[in-house]
Amino acid sequence: MSYTKEDILRISKEENVRFVRLQFTDLLGAIKNVEIPVSQLTKALDNKMMFDGSSIEGYVRIEESDMYLYPDLDSWLIFPWVAENRVARLICDVYLPDGNPFPGDPRGILKRNLKEAEEMGFTSFNVGPEPEFFLFKTDEKGNPTNELNDQGGYFDLAPTDLGENCRRDIVITLEEMGFEIEASHHEVAPGQHEIDFKYADALKAADQIQTFKLVVKTIARQHGLHATFMPKPLFGMNGSGMHCNQSLFQGSANAFVDESDELGLSKTARHFMAGTLKHARAFAAITNPTVNSYKRLVPGYEAPCYVAWSASNRSPMIRIPASRGLSTRVEVRNPDPAANPYLALAVLLKAGLDGIKRELSLPAPIDRNIYIMSEEERVEEGIPSLPADLKEALNELIRSEVICDALGDHALAHFYELKEIEWDMYRTQVHQWERDQYITLY
């Protein structure tokens with residue numbers, strides 16, 4: 001829905017809203033907010049609410065800390081889980097005191113890349129994300145344990161799927177908040193779940209991912225469970241992905257459609273895919289941003305490890321779902337739900353647009369199971385691997401002019417620094433596996 005300032009002030013009074021969360025996202029994808037009493041709502045709607053940016057991960061130094069929150073009025077919603085003294089939220093863009101957008105604001109970075117697509121004649125970049133999550137039991141203090149909530153498998157139902165009631169309550173809550181839910185089901189691994197919601201333009205899709213994560217965690221806690229979007233919480237089981245179904249539109253026409261093509265794909269779609277494949281190793285640090293992300297991207301657990309595409313085969317990184325016409329889309333399967341959705345969609349778009357600009361040629365599809373191919377066969381077919389770890393991904397990122405440009409200097413420098421620290425902490429830590437392997441052997 002579209003709202004005016006007057007609408008929001010009227011609704012907040014009618015619905016007894018007492019507090020408003022001015023929500024934004026830090027560089028690592030964590031949701032942050034400044035909560036204000038409703039008496040300050042007019043000030044917030046006039047873009048006059050200030051906060052200290054030096055306390056936010058990846059933002060600015062203490063000597064340049066003042067920043068302003070500019071609410072997106074169309075993001076207004078009231079949280080349904082509070083009956084009295086109700087709480088609403090507005091998603092905000094971050095601005096500098098001089099009135100310019102803050103270059104390190106992830107939402108602003110996505111907007112900037114969407115502007116480039118618009119200048120190329122594409123009126124919208126639609127994304128249908130599929131974020132998966134795990135439900136773990138909590139202890140008597142409410143802290144997460146390592147015990148899964150169920151031992152169900154793909155498409156299982158109660159009583160095997162003990163997360164069914166929690167998942168239903170999540171769906172009900174999301175629908176009350178305006179989501180159009182298409183399906184929900186148990187995923188492959190025990191304790192793993194997926195709820196699919198309808199595609200939207202990229203900015204709204206990224207906003208929805210953040211809202212989705214908040215709702216899932218909130219409702220799970222009401223059921224005495226802990227929901228995690230960690231990519232690979234358990235060894236020997238499938239990890240959680242966030243497949244992104246993407247399409248570019250020109251007005252009401254899907255620019256990826258060409259009915260005369262054998263696969264129904266336009267040259268634009270093929271160039272877009274070629275750009276995605278070309279820059280996949282470089283944008284992996286953004287779409288798969290943690291040390292843990294690369295423990296999901298290994299053979300044997302349905303996660304893509306190889307940079308290839310197919311119209312049917314699910315082992316490559318890109319798949320073309322069977323739907324055609326307005327539903328023609330490109331599914332990129334390597335992103336995971338730990339990614340900052342604004343940055344992830346920005347780099348995915350930038351990579352595809354570069355393929356269109358340069359009219360990159362799409363390699364032949366790989367319709368064989370890549371997981372069972374030998375390394376020699378993969379080399380012969382020209383199939384690169386995604387980075388093996390976060391360090392390799394960071395090295396690829398910093399060498400890519402296109403992906404660096406998508407992020408901008410500020411975000412790139414701060415993201416790279418934060419992730420170098422993360423890698424170094426992991427690299428120098430002594431893990432339990434090492435003690436199990438070596439403490440008695442040597």
Side-chain angles (χ1 to χ4, degrees), residues 25-31 57 106 127 129-136 144 146 148-149 154 163 186-196 206 209-210 212-214 216-217 220 225-245 280-307 314-319 331-345 347-348 371 385-394 396-397 415 418-419 422-423 425-427 429 431 433:
T25 298
D26 74 11
L27 200 59
L28 298 183
I31 300 172
E57 202 73 85
V127 181
E130 301 175 3
E132 298 167 340
F133 59 94
F134 278 83
L135 292 174
F136 285 88
N146 291 328
L148 291 166
N149 183 54
Y154 199 53
H186 199 289
E187 258 297 339
V188 174
Q192 188 183 31
H193 304 268
E194 180 177 321
I195 298 172
D196 297 330
I209 291 169
Q210 294 296 73
F212 176 81
K213 289 180 178 180
L214 179 63
V216 169
K217 286 180 174 289
L225 301 170
H226 175 77
T228 181
F229 292 90
M230 179 180 178
K232 183 85 168 184
L234 295 169
F235 172 72
M237 294 186 185
N238 286 32
S240 290
M242 187 175 70
H243 302 171
C244 291
N245 295 273
R281 285 177 55 81
F283 64 59
I286 305 299
T287 56
N288 307 89
T290 70
V291 165
N292 182 255
S293 295
Y294 296 88
K295 299 187 177 184
R296 167 182 166 254
L297 300 178
V298 295
Y301 298 97
E302 298 190 2
C305 316
Y306 307 110
V307 183
R314 289 177 181 265
S315 61
M317 193 189 90
I318 294 178
R319 186 177 75 92
E331 181 186 46
V332 183
R333 304 179 66 251
N334 70 293
D336 67 51
N340 182 323
Y342 301 102
L343 298 185
L345 297 189
V347 297
L348 287 170
Y371 297 137
S385 298
L386 285 165
D389 56 43
L390 180 60
K391 178 62 175 175
E392 185 180 345
L394 290 172
E396 292 289 336
L397 168 65
F415 180 88
L418 289 168
K419 290 300 169 178
E422 178 181 336
W423 174 255
M425 290 173 63
Y426 172 74
R427 182 184 63 83
Q429 180 62 258
H431 301 274
W433 182 90

Check whether [X] reaches the backbone of [Y] with its side chain - one donor and one acceptor, N or O, closer than 3.5 Å.
X: E132; Y: D336; result: no
X: Q192; Y: G239; result: yes
X: N334; Y: N288; result: no

I'd like to check [X] versus [Y] (side-chain heavy atoms, cut-off strictly below 4.5 Å). Are they in contact?
X: Y294; Y: K232; answer: no
X: P233; Y: F136; answer: yes
X: L148; Y: L234; answer: yes
X: P289; Y: N340; answer: no

Point to revise | All salt bridge (Lys or Arg N to Asp or Glu O under 4.0 Å) counterparts of K213, not counting sequence neighbours | key: none

Revision key, fill the gap. With sequence neighbours left out, the residues meeting salt bridge (Lys or Arg N to Asp or Glu O under 4.0 Å) with E392 are R281

Pairwise distance [atom1]([X]) to [atom2]([Y]) - rounded to 0.5 angstrom:
X: L418; Y: D26; atom1: CG; atom2: CG; answer: 8.5 Å
X: F212; Y: D196; atom1: CZ; atom2: CG; answer: 8.5 Å
X: L390; Y: R427; atom1: CG; atom2: CZ; answer: 12.5 Å
X: I31; Y: K217; atom1: CD1; atom2: NZ; answer: 9.5 Å
X: I286; Y: L394; atom1: CD1; atom2: CG; answer: 8.5 Å
X: H243; Y: I318; atom1: NE2; atom2: CD1; answer: 12.5 Å

Which heavy atom in [X] sits nearest to a heavy atom in [Y], and how many Å separate them?
X: W423; Y: V291; value: CE3-CG2, 4.1 Å
X: C244; Y: L345; value: SG-CD2, 4.2 Å
X: P335; Y: V332; value: CD-O, 3.5 Å
X: F415; Y: A285; value: CZ-O, 3.3 Å
X: P337; Y: S240; value: CD-O, 3.2 Å
X: L343; Y: L27; value: CD1-O, 3.6 Å

Practice item. Not counting sequence neighbours, which residues clear ring-ring contact (aromatic ring centres under 6.0 Å, His included) with F133? List them please. Key: H193, F229

Exercise for review: Using side-chain contact (heavy atoms from CB on, under 4.5 Å) as the criterion, list what pairs up with A282, not counting sequence neighbours.
Suggested key: S400, I403

**Study point:** By side-chain contact (heavy atoms from CB on, under 4.5 Å) - contacts of T290 (at least two apart)
**Key:** P231, N292, S293, A338, K419, E422

Practice item. For residues 292-301, pull every pair meeting salt bridge (Lys or Arg N to Asp or Glu O under 4.0 Å), keeping only residues two or more places apart or in separate chains. Key: none

